[in-house]
Asker: 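Take a look at this one; I'll ask things after.
In this text the structure is predicted, and so the values were computed from the model without any measurement.
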Amino acid sequence: MRPSVLVTRASFPDIVDRLRSAFDVTDNPGDDIWSQPSLIERLQGKTGAMTAGSDRIDATLLDACPQLKAVCNIGVGYNNIDVQACTARGVLVTNTPDVLTETTADFGFALMMAAARRMTESEHYLRAGEWVKTGRYDMFVGPDVHGSTLGILGMGRIGQAIARRGALGFGMRVIYHNRSRLAPGIESECRASYVDKDTLLRESDHLIIVVPYSESSHHAIGAAQLKQMKSTATLTNIARGGVVDDDALAVALQEGGIAAAGLDVFEGEPAIRPALLACRNVVLTPHIGSASVRTRRAMASLCVDNLLAALGEGPSAGAPPTPVNPQVLARRVATA
Ligand code: DGY
């Protein structure tokens with residue numbers, strides 16, 4: 001009997017169709033958002049799942065779906081999945097790193113520039129017909145990007161790609177803070193200097209958050225950290241909701257603690273704090289950092305490759321390209 005798999009969110013039908021050569025596929029062409037009980041119900045009898053950040057894969061779900069062998073997530077981040085619980089139950093987890101690095105770095109840079117140069121705020125003013133009434137020479141002045149200090153919290157692949165854009169393209173001084181310092185060769189290739197977190201907060205003109213979400217990065221930027229930043233600084237979050245305390249950020253934006261923010265991710269998204277929606281000095285986008293056609297297709301394709309291989313199909317059968325918990329594979333080989 002062919003294995004059955006569940007595809008939880010709609011993506012590119014021609015790419016998802018590759019799964020149909022090997023599996024019975026149940027998908028979600030209408031892109032409905034399923035509650036946790038509904039997801040559990042739909043996973044009954046399924047050996048694999050192609051999931052997204054909106055699906056919570058936790059111990060309760062895994063215990064209710066004991067036949068599940070592979071959870072293949074679209075996205076480099078996988079904080080929606082309890083990897084430890086998966087590993088303990090022999091469930092392989094995969095993600096889609098690398099293919100989105102440059103596209104997401106482009107977006108982070110664009111969001112930072114839009115916040116600094118007040119692009120959406122001034123567009124609203126223009127669309128509202130205000131320009132003809134009140135245009136002034138000093139309207140919508142904001143901080144420069146070129147030649148300023150770019151701070152990066154989290155210096156993985158995307159952080160490094162942002163650093164290169166800032167240093168090489170915009171003549172910025174680049175400082176970063178990360179759990180571990182980069183090798184000297186990578187630091188010099190990115191033209192980035194390691195600093196402690198306090199220095200990063202104090203000296204950045206534009207701070208970009210790219211650190212993965214975990215218990216230890218929860219509210220890494222809260223009221224106390226925002227107070228350390230320059231009142232002329234911008235903050236851009238393209239990492240995950242919860243790394244920044246959105247309530248504290250809204251207060252800082254309202255009270256002039258920082259100049260502006262660019263946010264692609266939110267605590268509790270897709271709901272957004274009303275206080276943030278009310279701020280005019282914040283650019284808000286709906287988690288689209290990796291959303292170029294080529295990159296989103298590459299992510300879907302890598303996810304399909306992972307799911308095929310995880311369930312013993314396709315050219316790399318048994319060896320998914322990007323496993324998160326490869327120890328599950330090693331265990332499978334040892335017990336085969
Ligand atoms: C990622 O890949 O983690 C992006 O944020 C999309 O979820």
Asker: At what distance, to the nearest 0.5 angstrom, does CD1 of Ile209 lie from CZ of Arg240?
Answerer: 14.5 Å
Asker: Do Ser292 and Thr295 have side-chain N/O donor and acceptor atoms under 3.5 Å apart?
Answerer: yes
Asker: Hey, does Val265 have a side-chain heavy atom less than 4.5 Å from the side chain of Val243?
Answerer: no
Asker: Side chains of Ile186 and Met155, heavy atoms from C-beta outward: is any pair under 4.5 Å?
Answerer: no
Asker: Give the minimum heavy-atom separation between Asn281 and Ile258, together with the two atoms involved.
Answerer: ND2-O, 4.4 Å
Asker: Taking the side chain as every heavy atom from C-beta outward, state whether Ile40 and Gln44 have any pair of such atoms under 4.5 Å apart.
Answerer: yes
Asker: Specify whether Phe140 and Tyr125 have parallel, tilted or perpendicular ring planes, treating 30° as the upper limit for parallel and 60° as the lower limit for perpendicular.
Answerer: perpendicular
Asker: Checking Arg294 against Thr103: is there a side-chain donor and acceptor pair closer than 3.5 Å?
Answerer: no
Asker: Tell me whether Arg179 at atom CZ has more than 12 heavy atoms from other residues, nucleotides or ligands lying less than 6.0 Å away.
Answerer: no
Asker: Minimum heavy-atom separation for Arg191 and Ala167, please, with both atom names.
Answerer: CB-CB, 3.7 Å
Asker: Do you know the tightest heavy-atom contact between Leu207 and Ile152?
Answerer: CD1-N, 4.3 Å
Asker: Checking side-chain polar atoms at under 3.5 Å, does Gln160 have a donor or acceptor matched by the opposite partner on Tyr176?
Answerer: no
Asker: Name the atoms and distances for all side-chain donor-acceptor pairs under 3.5 Å in residues 269-278, with sequence neighbours left out.
Answerer:
residue	atom	partner	partner atom	Å
Glu269	OE1	Phe266	N	2.8
Glu269	OE2	His287	ND1	2.6
Arg273	NE	Asp247	OD1	2.9
Arg273	NE	Asp247	OD2	3.4
Arg273	NH1	Glu267	O	3.4
Arg273	NH2	Glu267	OE1	3.3

Asker: Which residues pass the ring-ring contact (aromatic ring centres under 6.0 Å, His included) test with Phe107, sequence neighbours left out?
Answerer: none
Asker: Do Arg42 and Asn28 have side-chain heavy atoms sitting under 4.5 Å apart?
Answerer: no
Asker: Could you give the side-chain donor-acceptor pairs of residues 4-13 under 3.5 Å, partners two or more places apart or in another chain?
Answerer:
residue	atom	partner	partner atom	Å
Thr8	OG1	Met50	O	3.3
Thr8	OG1	Asp55	OD2	2.5
Arg9	NE	Asp31	OD1	2.7
Arg9	NH1	Ser54	OG	2.7
Arg9	NH2	Asp31	OD1	3.4
Arg9	NH2	Asp31	OD2	2.9

Asker: Does Lys197 reach the side chain of Gln225, with side-chain heavy atoms less than 4.5 Å apart?
Answerer: yes
Asker: What residues, two or more places apart in sequence or in another chain, satisfy side chain to side chain contact (heavy atoms under 4.5 Å, CB included) together with Glu102?
Answerer: Ala161, Arg164, Arg165
Asker: Under the ring-ring contact (aromatic ring centres under 6.0 Å, His included) rule, collect the residues that match up with Tyr78, sequence neighbours excluded.
Answerer: none
Asker: Restricting to non-hydrogen atoms, name the atom on Val99 and the atom on Ala298 that form the minimum distance, rounded to 0.1 Å.
Answerer: CB-CB, 4.0 Å
Asker: Sequence neighbours excluded, which residues qualify as side chain to side chain contact (heavy atoms under 4.5 Å, CB included) partners of Ala88?
Answerer: none
Asker: Suppose we screen for side chain to side chain contact (heavy atoms under 4.5 Å, CB included). Which residues come up paired with Thr149, at least two apart in sequence or across chains?
Answerer: Arg173, Ile175, Asp205
Asker: For residues Trp34 and Leu39, report the shortest heavy-atom separation together with the two atoms involved.
Answerer: CE3-CD1, 4.0 Å
Asker: Connecting only ILVMFWY residues whose side-chain heavy atoms lie within less than 4.5 Å of each other, what is the rest of Leu329's hydrophobic cluster?
Answerer: Leu92, Val328
Asker: Please write out which residues are connected to Val141 in a hydrophobic cluster, directly or through intermediates, given that two of Ile, Leu, Val, Met, Phe, Trp, Tyr count as joined at side-chain heavy-atom separations below 4.5 angstrom.
Answerer: none
Asker: How many angstroms lie between atom OG1 of Thr96 and atom CG of Asp305, to the nearest 0.5 angstrom?
Answerer: 11.0 Å
Asker: Just verifying a value: how many Å separate Leu43 CG and Ile57 CD1, rounded to the nearest 0.5 Å?
Answerer: 6.5 Å
Asker: What's the shortest heavy-atom distance between Ile238 and Thr104, and which atoms?
Answerer: CD1-O, 3.9 Å
Asker: Using a strict threshold of under 4.0 Å (side-chain N to carboxylate O), is an ion pair present between Asp82 and Arg89?
Answerer: no
Asker: With Ser316, which residues qualify under side chain to side chain donor-acceptor pair (under 3.5 Å), at least two apart?
Answerer: none
Asker: Report the residues that fulfil ring-ring contact (aromatic ring centres under 6.0 Å, His included) with His218, sequence neighbours left out, ordered by chain and then residue number.
Answerer: Tyr213
Asker: Is the shortest side-chain heavy-atom distance between Arg18 and Leu307 below 4.5 Å?
Answerer: no
Asker: Do Cys190 and Val174 make a side-chain contact, defined as non-hydrogen atoms from C-beta onward lying under 4.5 Å apart?
Answerer: no
Asker: Only counting residues at least two apart or in another chain, list the ones meeting side chain to side chain donor-acceptor pair (under 3.5 Å) with Glu41.
Answerer: none
Asker: A side-chain contact here means heavy atoms from C-beta on lying under 4.5 Å apart; do Arg332 and Lys69 qualify?
Answerer: yes
